[in-house]
Each structure stands twice: as structure tokens, then as C-alpha cells.
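Heads up: numbering here begins at 1 and tracks the sequence. All ligand and atom numbering here is 1-based and tracks the order in the structure.
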Amino acid sequence: MLLEKSTLSSGGSGAAGAFLSPKICSNSSYTSFVNTAFNFSVKFYKENFSSTIRQNGILRILKSEKDKIKCKNPPKEIENVKFLKQNEIEFINKEIAPFGGYFFRDGAIIDSKKIIQNLTKDIEVKENSFAKKIKYQDEIYEICSYKAKGVIVCTGSDIDFKELEYINLKKTYGHRIDIKTDAKLPFHLHKNYSVSSSKNDTLHIGATHIPKYRYSEKEIKKELEKMIKEVSSYIDLKNFTIEKIHFGARSCSFDFFPVVGRVIDHKKTLKKYPYIKKGSKVPSSKYIYHNNLYIHTAHGARGFVLAPYTAWMIVEHIKNDTSLSEDISTERIFLRFARGKQLTIY
Ligand SMILES: Cc1cc2nc3c(=O)[nH]c(=O)nc-3n(C[C@H](O)[C@H](O)[C@H](O)COP(=O)(O)OP(=O)(O)OC[C@H]3O[C@@H](n4cnc5c(N)ncnc54)[C@H](O)[C@@H]3O)c2cc1C
């Protein structure tokens, strides 16, 4: 059963593009994680929701000489990739790509709302059900008068439960727009903004990044004008009209990895091992956990790339007791909280 405080897709997922694009120009463990998830998720959407994925490939434009050196090699996890020099790039204004770009044939965009409808069609969805408290008694959870043996919290950027106060996430808001235009683009494109391939005279453009949001019509107008001005330098947006403006929040952990796994009872754990606060190492197997309470969130700006992969991981963990990668664990978040570190995004 899925409890949703508003309506399906009313959170960040409804606002997203949603572009499926690999991460480039870095050899970090996060890059490797994103790209492994990219391969998993593209396959997942194609096998399960083929009518909702548009796999026209994505061209990632390199932005500077520094980028060109950093991005000398394409990501090692990704196949079907070709480097294009400036003079080999077609359909867009070549001047925006003096350093060339990588064309990823598997890059895609998906219809996020349709995917969510399909994903939830065989389960009970209770809209307008605001989970305010997680009540637990006699091994049963009770939320909004529904009872269950286990709960997975996937409330995106809103984590308002006292059990989860140690999960400190940063919100970044953003807009995406759909425009009607005569401009034609046969593939998806990304430089500072992403532009989808054209379908039914429509292009999806996104997304802006606003760290601190205060509603102001003037600010929104300025922000959208900036986005359109830049995208107009990529392609000639002939006779365009803005059809729809989407808005949502992304939630992000301090190291960008999602937060997926069992929820630690931080109060009981710190009471039993107070020296964790001073930096002593206590194996996580000794931590105290809430029974059958899990979390799946903080997918940042890449939820549609990462979440099928992490959802598969957590299902395997719950059903078959497989171990979860430390990179996405609740333990790393708990330790930061216990040692009083502030949320700083690297
Ligand atoms: C403008 C924008 C563009 C983006 N573009 C891309 C992209 O191109 N590609 C990509 O992969 N990702 C993109 N993302 C990121 C992606 O949308 C998110 O990572 C993903 O949607 C997060 O999904 P979620 O299910 O964790 O959160 P959400 O989609 O926010 O879902 C959480 C849901 O929980 C509900 N909820 C919250 N609290 C409660 C409660 N107490 N009780 C009941 N229900 C509750 C909310 O109403 C919401 O519907 C973008 C995000 C934004 C904002």
C-alpha cells in the first residue's frame, strides 16, 4: 500500500524531465555508481515500460578546455558512446560546442507521470493520506489508521518524522518547462540545461537549480528567461510558446549518494554507545534499529536514473537479507549526525 499526502506525482517526480543521462568527467565512486545505475535503469524502463521511454540518445557538450582534459576518456561503465568534434555535430548551433561532446546512444527521456501510474497500478494507493506520525506497537506500525508489519519511508525531500531527525538532507528547487516550437531536434542535448528531442512540436527544457526558494513571480520570470536565452543559443527556438511550467524539489545528502536502508534508532544507539559522538568506532551490527522500518530517498537530481537500481537493492535486502552498499547506508548519515557535523555539500 502506498500512502501519499497529496496526489501521485505531486512531488519532485512530477516535475522532472526526466532525462536519463550518464555522469561524465570524473572517476569517483559516485560516478561509477550513477553509471551502473544508468545501465540498470535504462534496461528496467525498456523491459517494463517501453512505451514511456524515448531513447534518442543524448549529446553531452563539453564546456571548457579543462573539461576536455578531464573528460579525455568516456565513462568506463557506459557502452555505445562516441566522441564528436565540433565540426561533426549536427542539428544544433556548432558554436556552443568548441570542445566537442560525447554522444551516448542509450541516453533517454521518460514520461515520469506515466511510469508512476504504471508502477502503482497493481497496488492500493491512498491519496490525501498525510503520514504525520509513525506509531509502533506490538510489532505493528499504524499510520493514518492503516496497519502494517513494515514501512518504507520514501517521502522525497520532506522527512518530518522524529525517528528520522538524523537524516539531514538539502533541498534544491527547480523549474522545468515544456514549449511548443517549430524547432526540430532528433536527440536529447545537455550543456548547462537539458533539452529533449522534439515530439509533437514539443521540447522539454530543464532544469533550474534554486538553493533557497522564496516565491516571487519576478524571480521566476527572470530565471525562466535566462534558461530560454541560453537554450536559444543551442538551437533556434522558432515561434515558441511556453505550454507548461513544472516546479519541484530535489533532496540531496552531503555526499550525493542516496539514503537507502534500515532506519537506525539513533536515540537508543547513542544512549547505549555514547562514545560514538567522540569518534569511537562501534560496528554497525551493534547499532539498534527500528524493526522493519526502512528509508529510500535522497536521489538528488538523478532520481529516475538511480531509484530503479536502489529500489531493487532494498527489495533484495528485505526479501533475501542481502547486504546494502555502505555508500548508500543510513549508518554514514547517522555517524555525521552523532559527531555533530553540519550538512555541507562538497
Ligand atoms: C525540476 C526537476 C528536474 C529534475 N530532472 C531530473 C532528470 O532529468 N532526471 C532525473 O533522473 N531526475 C530528475 N530530477 C530528480 C528527480 O525528480 C527526483 O530525484 C525524484 O523524483 C525523487 O523521487 P522521490 O520519490 O524520492 O520523491 P518525490 O517525487 O518528491 O515523492 C515523494 C512523495 O512523498 C509525498 N509525501 C511527502 N511527505 C509525506 C507524508 N508525510 N505522508 C504522505 N506522503 C508524503 C509527497 O507528496 C511526494 O509525492 C529532477 C527534479 C526536479 C525538481
Side-chain angles (χ1 to χ4, degrees), residues 1-23 34-35 37-38 40-42 44-45 53-54 58 60 107-113 115-116 119-120 125-134 143-144 146 151-164 167 169-178 188-190 193-196 204-211 213 220 223-224 227 244-253 256-260 294-311 314 328:
M1 177 184 284
L2 174 66
L3 303 183
E4 164 55 59
K5 70 174 174 186
S6 176
T7 49
L8 274 183
S9 310
S10 56
S13 302
F19 293 89
L20 306 182
S21 182
K23 185 160 168 54
V34 170
N35 290 337
F38 170 84
F40 180 97
S41 300
V42 166
F44 167 81
Y45 294 121
I53 176 164
R54 235 183 323 138
I58 189 159
R60 299 285 299 269
I109 189 169
I110 52 165
D111 185 329
S112 59
K113 290 192 176 168
I115 296 244
I116 291 167
L119 274 170
T120 50
V125 177
K126 305 287 181 191
E127 294 189 324
N128 303 309
S129 297
F130 192 164
K132 290 196 182 107
K133 272 192 188 157
I134 302 174
I143 302 179
C144 300
Y146 299 106
V151 173
I152 305 176
V153 178
C154 27
T155 52
S157 54
D158 302 321
I159 303 191
D160 303 324
F161 308 103
K162 66 175 173 20
E163 291 80 355
L164 294 161
I167 304 203
L169 303 178
K170 186 187 151 98
K171 281 189 193 189
T172 308
Y173 300 86
H175 286 104
R176 161 177 85 85
I177 55 173
D178 302 333
H188 314 299
L189 171 70
H190 179 82
Y193 296 101
S194 305
V195 187
S196 73
H204 306 289
I205 301 177
T208 61
H209 287 76
I210 319 164
Y213 189 73
I220 296 174
E223 188 204 338
L224 296 185
M227 178 157 74
K244 206 160 182 192
I245 302 173
H246 307 261
F247 175 72
R250 315 158 176 94
S251 62
C252 208
S253 71
F256 296 110
F257 278 97
V259 181
V260 178
Y294 301 88
I295 186 162
H296 182 262
T297 194
H299 292 85
R302 298 178 180 272
F304 287 94
V305 177
L306 302 178
Y309 185 49
T310 51
I314 197 164
I328 58 173

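The protein residues lying under 4.0 angstrom from ligand 1, judged by non-hydrogen atoms, are L3, E4, K5, S10, G11, G12, S13, A16, G17, A18, F19, S129, F130, A131, C154, T155, G156, D158, F161, G174, A207, G248, A249, R250, H299, G300, A301, R302, G303, F304, V305.
The backbone N or O of H175 sits less than 3.5 Å from a side-chain atom of T208, completing a donor-acceptor pair. Side chain of R54 to backbone of H188: no donor-acceptor contact under 3.5 angstrom is found.
Residues T297 and P258 are not in side-chain contact: their nearest non-hydrogen atoms beyond the backbone lie 4.5 Å or more apart.
Using a 3.5 Å distance cut-off with no hydrogens or angles, the side chains of H299 and T310 do pair a donor with an acceptor.
Atoms NZ and CG, from K5 and D160 in turn, are 7.0 Å apart once rounded to the nearest 0.5 Å.
Using a 30° and 60° split on the angle between ring planes, F44 and F40 fall in the parallel class, below 30°.
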